[in-house]
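Notes to accompany the following structure.
Note that this is a predicted model, so its numbers are computed, not measured. Counting begins at 1 with the first residue of the sequence.
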Amino acid sequence: MKILICNDDGIKSGGLKALAEKLAEKNEVLVIAPDGNRSACSHTLTVRDSIKIAEYDKISGCRAYSISGSPADCVKIAKHVFSEFTPDVVLSGINKGHNLGSDIMYSGTVAIAYEAAFFGFPAFAFSSFSHDEGDFSLFAQISSEIIDKLLPLTTSGQIWNVNFPDFNVKIKGKKFTPLGAKVYADQYVLDNFGNYKLYGVIDDSTEFYDCDVEWNKRGYVTLTPLKYDKNDYDILQTIGEKCIL
């Protein structure tokens, strides 16, 4: 199987290395990742600057390249510059930091999966709760198992958003869940230069309900199916039947 792996943490991320080397044991893997951290870039594309591509030789068992662009650029570069490599699946991660609930709107990790879905590839976005570097070997192993089980059931352009608990939490199992809401007590703090910096402190005061945010907090690997198509077909039909402009 041919697998494209990208991320938004950058080519040197331990999560990327662990996932790529694990999947390269039995598959042909191509890695394309930003040359530095691009977290929270969402679905940005590089349209005003040139993109530099450099070979990277510190991930075993696969071809790897860094680019000067965004996470979504990685998929476009793979599609158009490395066109001889047609992946059976596109993977993103393993990200340092969760992409739960409303986080997916800002996530470069999930944007990779959406860009892959746009081209018709099945895609998985993998994230871990902690923002720290750690031992990703267990998460890489579980990721491989998830792909083996779900890929045969996954259609062209379908996305799975997968989140692991914190490193020090014993995994209790896996849950298929809808997205929840990740609530932040946003604070813009004035610095010594007269500029403002955003500090997004997580507000954990909400009560439990059945969603990825809450199950992940309780030690489960959460799996949420997403769609590239953002059309509201119910409204289109209702407006078409009732409203004449």
Side-chain angles (χ1 to χ4, degrees), residues 1-8 15-16 19-20 22-34 41-46 62-65 67 69-95 99-101 103-127 139-140 142-164 174-179 212 221-237:
M1 182 165 61
K2 292 185 175 181
I3 301 174
L4 171 65
I5 303 181
C6 310
N7 78 347
D8 73 355
L16 176 75
L19 183 63
K22 180 62 185 177
L23 272 298
E25 291 175 2
K26 297 181 180 179
N27 305 280
E28 183 180 352
V29 173
L30 172 65
V31 173
I32 301 179
C41 278
S42 187
H43 209 137
T44 57
L45 294 174
T46 303
C62 57
R63 289 190 296 156
Y65 299 86
I67 71 166
S70 71
D73 285 330
C74 295
V75 181
K76 282 193 176 294
I77 289 289
K79 171 70 174 177
H80 298 296
V81 178
F82 296 85
S83 56
E84 80 287 350
F85 186 93
T86 303
D88 298 295
V89 63
V90 177
L91 311 181
S92 180
I94 301 169
N95 190 62
N99 283 298
L100 297 161
D103 288 337
I104 70 164
M105 294 187 295
Y106 313 105
S107 168
T109 301
V110 178
I112 289 166
Y114 273 112
E115 187 66 23
F118 172 76
F119 287 119
F121 301 120
F124 292 75
F126 294 102
S127 304
F139 295 166
I142 296 174
S143 298
S144 178
E145 294 169 0
I146 288 172
I147 294 163
D148 286 344
K149 291 286 181 65
L150 285 185
L151 185 56
L153 308 176
T154 301
T155 58
S156 172
Q158 186 176 341
I159 299 164
W160 286 99
N161 187 40
V162 182
N163 280 270
F164 297 100
K174 304 179 186 72
K175 285 280 186 181
F176 292 97
T177 84
L179 293 174
D212 62 341
V221 179
T222 59
L223 303 98
T224 303
L226 304 176
K227 288 183 177 180
Y228 181 86
D229 188 347
K230 297 179 176 63
N231 290 298
D232 190 330
Y233 292 104
D234 292 335
I235 292 296
L236 279 173
Q237 182 175 354

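For the atom pair CG of Leu19 and SG of Cys6, the computed distance is 11.0 Å after rounding to the nearest 0.5 Å. To the nearest 0.5 Å, atom CG of residue Asn7 and atom SG of residue Cys74 are 7.0 Å apart. Atoms CG and CE, on Leu179 and Met105 in that order, are 10.0 Å from each other to the nearest 0.5 Å. To the nearest 0.5 Å, atom CG of residue Leu4 and atom CG of residue Leu30 are 5.5 Å apart. To the nearest 0.5 Å, atoms CZ (Arg63) and CD (Glu28) are separated by 7.0 Å. Summarising the geometry, atom CG belonging to Leu16 is positioned 11.0 Å from atom CD1 belonging to Ile32; distances are rounded to the nearest 0.5 Å.
Between the side chain of Asn27 and the main chain of Ile3, no donor-acceptor pair closer than 3.5 Å is present. Using a distance-only test at 3.5 Å, with no hydrogens or angles considered, no donor-acceptor pair links the side chain of Asn161 to the main chain of Val110. Formation of a donor-acceptor pair under 3.5 Å by the Ser70 side chain with backbone atoms of Asp73 is found in this model. Asp229 places a side-chain N or O within donor-acceptor distance of the main-chain N or O of Asn231, the cut-off being under 3.5 Å. No donor-acceptor pair closer than 3.5 Å links the side chain of Ser107 to the backbone N or O of Asp103.
Between Ala125 and Ala113, the closest heavy-atom pair is CB-CB, 4.3 Å. Nearest heavy-atom pair, Lys22 versus Ala140, reported as atom, atom and distance to 0.1 Å: CG-O, 3.8 Å. Contact detail for Tyr114 and Tyr228: the closest heavy-atom pair is O-CD1, 3.3 Å. Contact record, Ser42 with Ala111: O-CB, 3.2 Å, taken as the closest heavy-atom pair. Residues Pro71 and Cys41 approach most closely at CD-CB, 4.1 Å, considering heavy atoms. Closest of all the heavy-atom pairs between Thr46 and Gly69 is OG1-CA, 3.6 Å.
Under the rule for a side-chain contact (heavy atoms from CB on, under 4.5 Å), the partners of Phe119 that lie at least two apart in sequence or sit in another chain are Val75, Lys76, Lys79, His80, Glu115, Phe121. Take Thr222 and apply the side-chain contact (heavy atoms from CB on, under 4.5 Å) test, not counting sequence neighbours, and it matches Leu100, Asn163, Thr177, Asp212, Trp215, Asn216.
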How far apart are the C-alpha atoms of Tyr65 and Val81, what are their side-chain angles, what is the distance that settles it, and do they pass the side chain to side chain contact (heavy atoms under 4.5 Å, CB included) test? CA-CA 12 Å; Tyr65 299 86; Val81 178; over 6 Å; no
Start with the C-alpha distance between Phe126 and Ile5, add both sets of side-chain angles, then the distance that settles side chain to side chain contact (heavy atoms under 4.5 Å, CB included), and finish with yes or no. CA-CA 11 Å; Phe126 294 102; Ile5 303 181; over 6 Å; no
Go through Leu23 and Ile147 one step at a time and tell me if the side chain to side chain contact (heavy atoms under 4.5 Å, CB included) criterion holds. CA-CA 10 Å; Leu23 272 298; Ile147 294 163; 4.3 Å; yes
Given side chain to side chain contact (heavy atoms under 4.5 Å, CB included), test Thr154 with Phe124 step by step and report yes or no. CA-CA 10 Å; Thr154 301; Phe124 292 75; 4.2 Å; yes
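The environment of Phe118 atom CZ is sparse: at most 12 non-hydrogen atoms of other residues, nucleotides or ligands sit within 6.0 angstrom.
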Side-chain donor/acceptor pairs under 3.5 Å, residues 84-94, sequence neighbours excluded:
residue, atom, partner, partner atom, Å
Asp88, OD2, Lys2, N, 2.7
Ser92, OG, Thr109, O, 2.8

